[in-house]
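The structure appears below as structure tokens.
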Amino acid sequence: MILFNILLVMETNILNIKNLKKTYKYSHLFKTTLTKALNGVTLQVKKNEIFALIGLNGSGKTTTIKLLLGLLSPDEGLFEIFERKEITNNIKKKIGFLPEIPYYNADFTPTEILKFWGKLSGMTKNQLNKRIPEVISYTTLEHAAGRKIKGFSRGMMQRLGLAQAILSEPELLILDEPMGGLDPKGIIDIRKLIRQLKKDGETIFFTSHIISEVEKIADRVGMLHKGKILKVTDVHKNLEEDFLKTIKEYDENDK
Ligand SMILES: Nc1ncnc2c1ncn2[C@@H]1O[C@H](COP(=O)(O)OP(=O)(O)O)[C@@H](O)[C@H]1O
Ligand SMILES: [Mg+2]
């Protein structure tokens, strides 16, 4: 008798976002302006995958990230990170974040900046002495580790931002436009780093409007348009075409 073993692999969702909605309200001189930024964001990010949230400028990518980080609260919908609805400090410690434009004081060196952020996130001196050289080497910033960041290129700042994001060895990385504003060499460096992070076991959620780049590194993408996720798909050869067709169809029905 042949025994068939059916192996059910349970996939863990690191991020589970359901129908998030957010409208910005801005009041000035008795006039209130409303901007609907998110109008139904639903997606799941699985453990150890690279998931890209793609969309045109103004489609709501950064707003989605701000909600996940707890910087804004949603009007509707909910999300879970590591299968938890409540985003406690312990959950936050498992998340590394790279903002769209990382900003640091120009008079500091990468080592000083990493020490400062590491201490803020509760790392001990011993942990930092071991970890800082590791992240500096990981992001190939060795030659600049002791130099003031004044005059750093956009690519170097981005690598420093990534070094900071991975400093406390988070399990989930949230990167807002990690390739934005970089030259081709900078893009290749960041691409390599993101790939390596996946190999090392990280789960990566990043935003981008550069679809040709997303194709090269993401496993799956969510197409965000006018604050709504129109499609979630595996990365495939005609991603750009698929994206443009998907948003065009939506716009035609939305008229
Ligand atoms: N603080 C804010 N106040 C008012 N409107 C905002 C604010 N931030 C973003 N928006 C608007 O929300 C929409 C989505 O913006 P954003 O999330 O930054 O998009 P993306 O990151 O995809 O470019 C845009 O229309 C933008 O103008
Ligand atoms: Mg943005």
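As the structure lists them, so they are numbered: ligands from 1, and atoms in each ligand from 1. Please read these numbers as outputs of a predicted model, since none were measured by experiment. Numbers here are sequence positions counted from 1.
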Open item on the list: Both conditions, 6.0 Å and 45 degrees, for the charged tip of K94 above the ring of F82: are they met here?
Closed with: yes
Task: N, O or S atoms of the protein lying under 2.8 Å from the Mg ion (ligand 2) - done: T62 OG1
Task: Partners passing salt bridge (Lys or Arg N to Asp or Glu O under 4.0 Å) against E80 (at least two apart in sequence or in another chain) - done: K85
- [ ] Grab the two heavy atoms, one from P110 and one from I149, that are nearest each other, plus how far apart they are.
- [x] CD-CG2, 3.8 Å
Open item on the list: Please determine whether the number of non-hydrogen atoms from other residues, nucleotides or ligands lying under 6.0 Å from atom CD of E252 exceeds 12.
Closed with: yes
Open item on the list: In the structure I gave you, are the side-chain heavy atoms of F243 and L230 within less than 4.5 Å of one another anywhere?
Closed with: no
Open item on the list: Please determine whether the number of non-hydrogen atoms from other residues, nucleotides or ligands lying under 6.0 Å from atom NZ of K21 exceeds 12.
Closed with: yes
Task: Contacts of type side chain to side chain contact (heavy atoms under 4.5 Å, CB included), residue Q158, not counting sequence neighbours - done: L98, P102, R154, L182, I190
TODO: Might you confirm whether atom NE2 of H28 has over 12 heavy atoms from other residues, nucleotides or ligands at distances under 6.0 Å?
DONE: no
Open item on the list: Give the residues near ligand 1 by chain and number, with the criterion being a heavy-atom distance under 4.0 Å.
Closed with: Y24, T35, A37, L56, N57, G58, S59, G60, K61, T62, T63
Open item on the list: Hydrogens and angles aside, do S168 and S121 bring a side-chain donor and acceptor to less than 3.5 Å of each other?
Closed with: no
